[in-house]
Amino acid sequence: MTIRTRFAPSPTGYLHIGGVRTALFNWLLTKRMGGQFVLRIDDTDADRNRPDALNPILEGFQWLGIQWDEGPQVGGPHTPYFQSGRLEVYQNAAFSLLEKGLAYPDYMTREELDADRQLADQQKRAYIHRGPLRDHSKEENRLRYQEKSAPIRLRIPENKTLLVDDLICGPCKQDSNLVGDPLILRADGRALYNFASVVDDISFGITHIIRAREHLSNTYAQTVIFEALGASMPKFAHIPVVNEPKSKKKLSKRDMAKFVTTEVRAKLKSVGFTDDQINNRDDLNPATVSYYRELGYLPEALVNYLARLGWSLDDKTEFIPIPELISHFSLERVNDSPASFDPDKLFWLAGEYMKILPKDKKIAGCLPFLEKANLLHDPADSQTLDLIESIISAAGERIKIFSDIIPLATPFLKPIIERDPQAVDKFLKPPGTANLIKSFSEKIETASPFDAMTLDQYLHDFCKATDLKPGKLVQPIRVALTGTSVGFGLFDTFAILGRDESLERLGQAVLISG
RNA sequence: GGCCCUAUCGUCUAGAGGCCUAGGACAUAGCCCUCUCAAGGCUAAGACUCGGGUUCGAAUCCCGAUAGGGUCACCA
C-alpha cells in the first residue's frame with residue numbers, strides 16, 4: 001500500500017512557518033515512502049477567505065521545492081481540491097449520518113448556546129454540548145429537518161473510551177462523555193472543518209494524517225466521524241508545535257506584527273521595502289516563509305532548518321540537504337516536545353548552503369536584490385555583469401543571504417560614494433593620513449598590472465619602507481575607496497575599481513582628510 | 001476550571017538502566033590566523049525542573065509535585 005498524506009491550509013495570504021513545517025514533515029515522509037502528497041485548500045469559511053490569498057501559499061511551496069502530487073494547479077483524480085467546491089459531498093455525508101441516526105439537527109439558538117457555555121464556565125467545568133434532539137428517533141429528526149433546516153451535530157456515543165493510536169504520542173484515550181457533540185454542518189449547508197476534513201480524508205484515501213499537536217483533542221471526535229462514515233481509521237501523527245524564538249509560546253498566526261522589531265524592519269527596508277509596505281502586508285514578518293524569501297535566504301536552508309526543528313537525524317548532523325532528508329526522515333525520530341524557532345541557527349544554515357552554491361546561481365540570485373535596491377537597471381549590460389561577478393567573487397563567503405550583496409556592492413555601483421562619518425573620523429581624520437594616502441597613491445600610479453597581487457606587493461613594500469603596520473594603511477585606504485571600514489579584501493577592491501577610479505577616490509579622500 | 005500533552009545547556013538536539021566526568025550544533029566569550037569584516041582553527045562557559053520510590057546501579061522506569069503548552073467555537 002502506498003501512503004497518501006495531505007496538507008490542508010486555509011487561504012490566509014501567507015505561508016506560516018509552523019504550517020510549512022507540518023507540510024514538510026508530510027512531504028518528507030511521503031517522498032521517503034513513495035506515496036502521494038495532496039494539497040487541499042480548506043476554504044469552507046468563506047468569511048475568512050480573500051480571493052488573492054491562495055497564490056502566496058502555492059508560490060511559497062514552489063519556492064521551497066515542496067511539490068504536491070495532487071491539488072490546485074496540478075489536479076488529480078479527486079478534483080476539486082478546494083473545499084468550497086465540495087459542499088455537496090459534505091452535505092450528502094451529513095445527511096447520511098442524519099438518516100442513520102448518528103447525527104441530529106440542533107435548533108438551539110446562539111443565545112441558548114452562549115448561556116450554556118457561560119454556565120459551564122461559572123461552574124468551572126468544561127462545556128460539553130448535548131443537543132436536546134440527540135436521543136430522539138432518526139425518523140423524527142429527519143422529518144423535523146425536512147420541515148426546517150438547522151445546524152447538524154454529530155452524536156458522540158456515551159460511556160465509550162475514544163482511542164487514538166498516535167504514531168508520535170502513542171496510545172491516547174479520552175472518555176467520550178467529555179467530548180461535546182460537534183457541529184458538522186451549518187443550517188445554510190456549509191460544512192465545518194472537523195467534518196469536511198474527515199470526509200475529504202476518506203474520499204481522498206489519506207492514509208497518514210500528520211498535523212500539529214493542537215489537533216490531538218479534535219481527533220477523538222473525528223474518530224467517531226470516521227467510524228460513522230464506515231471508513232477505516234488513518235494513521236495519526238501529531239507533531240509538537242513550533243514555539244516563538246526563545247519562548248514557550250506557540251508561534252501563532254495571530255499577532256505576527258509583534259515580530260516586526262526595529263531590527264527586522266531595518267532589514268526589510270534595506271532590501272527596498274517601505275514602511276507602508278511593512279505595515280500593510282501581513283506576510284512581511286519572520287513568522288512567514290516569504291520574509292526569508294524577500295531577504296534572500298536559500299530555500300534549501302529553510303527546508304533543512306525546519307526539518308531539524310523537532311526532528312533529528314542523529315547526534316551530530318545539522319547540514320542535511322533535501323535528498324538526504326528524504327532518504328532518512330522518519331516519524332520515530334520526531335521529538336515529543338515543542339521546539340522554539342531559532343532565527344540565528346537558520347541564518348547560519350543559510351550561510352552554509354550559500355557556501356556551496358555554484359557561482360552562476362549566486363549571481364542570478366543576487367541580481368534581483370541589486371535591482372530592488374536601485375543599484376542596477378533591468379537588463380544589465382555585459383560589462384556591468386562582469387563587474388558584479390567580480391564583486392561576488394571577491395565577497396566570497398561574506399554573502400550568506402542574497403541581500404548581503406547590497407552593502408558589499410554599493411560602493412561599486414553608486415555613482416557618488418557615501419562615506420560613513422564614523423569611519424571618516426576614525427580613519428581619515430587623524431593627522432598625517434592625507435600625506436600617507438597621497439604618497440601611496442603616487443606609488444601605485446604606475447603599478448602594472450593593476451591587479452590584486454601586484455597592489456598587495458606594493459602596499460607591503462610601502463609599509464616596510466616606511467616602517468608602518470599594514471593595518472594602519474589598509475583601513476584609511478578602504479574608507480577612501482569605499483566609504484566604509486568593513487568590506488572584502490582591499491586589493492580586490494582596487495582591482496575592481498581600476499586604476500583611474502581608485503586614484504580618483506584616493507584623491508577625494510586626501511581632500512576630506514585635509 | 002475540566003480534560004489531554006510535555007519537561008536535558010539561552011536555543012535546536014543526542015541519550016532506549018551501567019558506554020554519561022551527559023555528546024554535537026547555533027548563539028555567547030577568549031585566543032590564533034589576518035588587511036577591516038566574514039570564513040577557518042583552538043579553547044572556555046553553559047543542562048538532566050524538584051521530591052519520593054524501583055534497582056547493585058536512574059537523564060533513562062514508576063508515582064507525586066511544579067512549571068509550560070494544547071484544547072474545551074456555527075475558526076481552521
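Predicted, not measured: the structure shown is a model, and the values here were computed from it. In what follows, every chain begins at residue 1, and chains take the letters A, B, ... in the order their sequences are listed.
- For the C1' atoms, the distance from rA59(B) to rG18(B) is 13 Å, rounded to whole Å.
- Distance noted for atom P between rC37(B) and rG46(B): 28 Å (whole Å).
- Among the protein residues, His215(A) comes within range of the nucleic acid bases, having at least one heavy atom under 4.0 Å from a base atom.
- Side chain Arg478(A) to base rC35(B): a donor-acceptor pair is found below 3.5 Å.
- Judged by closest nucleotide on RNA chain B, Gly487(A) is the one of Gly487(A) and Asp106(A) placed further toward the 5' end.
- Contacts of Gln123(A) with the nucleic acid, taken as non-hydrogen atoms under 4.0 Å apart, are absent.
- No hydrogens or angles considered: nothing links the side chains of Tyr291(A) and Asp283(A) as a donor-acceptor pair under 3.5 Å.
- Mapping Thr317(A) and Glu397(A) onto RNA chain B via the closest heavy atom, the residue that lands nearer the 5' end is Thr317(A).
- A donor atom on one side chain and an acceptor atom on the other are not found under 3.5 Å apart for Thr484(A) and Asp420(A).
- Across all strands, Leu183(A) comes closer than 4.0 Å to base atoms (heavy-atom distances).
- rA14(B) and rC72(B): their C1' atoms are spaced 36 Å apart (whole Å).
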Expected list for residues 164-183 of chain A: side-chain donor-acceptor pairs under 3.5 angstrom, two or more places apart:
| residue | atom | partner | partner atom | Å |
| --- | --- | --- | --- | --- |
| Asp166(A) | OD1 | Ile168(A) | N | 2.8 |
| Asp166(A) | OD1 | Cys169(A) | N | 2.8 |
| Asp166(A) | OD1 | His238(A) | N | 3.2 |
| Asp166(A) | OD2 | His238(A) | N | 3.1 |
| Asp166(A) | OD2 | His238(A) | ND1 | 2.6 |
| Asp175(A) | OD1 | Asn177(A) | N | 2.9 |
| Ser176(A) | OG | Pro157(A) | O | 2.7 |
| Ser176(A) | OG | Asn159(A) | N | 3.3 |
| Ser176(A) | OG | Lys160(A) | N | 2.9 |
| Ser176(A) | OG | Lys160(A) | O | 3.1 |
| Asn177(A) | OD1 | Asn159(A) | N | 2.8 |
| Asn177(A) | ND2 | Asn159(A) | OD1 | 2.8 |
| Asp181(A) | OD1 | Arg130(A) | NH1 | 2.8 |
| Asp181(A) | OD1 | Arg134(A) | NH1 | 3.0 |
| Asp181(A) | OD1 | Ile156(A) | N | 3.0 |
| Asp181(A) | OD2 | Tyr104(A) | OH | 2.7 |
| Asp181(A) | OD2 | Arg134(A) | NH1 | 2.8 |

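- There is a side-chain donor-acceptor pair under 3.5 Å between Gln457(A) and Asp461(A).
- Among the protein residues, Tyr127(A) comes within range of the sugar-phosphate backbone only, with heavy atoms under 4.0 Å from sugar or phosphate atoms but none that close to a base.
- Among the protein residues, Arg153(A) comes within range of the sugar-phosphate backbone only, with heavy atoms under 4.0 Å from sugar or phosphate atoms but none that close to a base.
- Between the P atom of rU6(B) and the NE2 atom of His238(A) lies a distance of 13 Å, rounded to the nearest Å.
- No contact: Phe341(A) has no heavy atom under 4.0 Å from any strand.
- In this structure, Lys359(A) pairs ionically with Glu389(A), as a charged nitrogen and a carboxylate oxygen lie closer than 4.0 Å.
- Across rG30(B) and rU66(B), the matching C1' atoms stand 38 Å from one another, rounded to whole Å.
- One N or O donor and one acceptor, one from the side chain of Glu318(A) and one from the base of rG24(B), sit under 3.5 Å apart.
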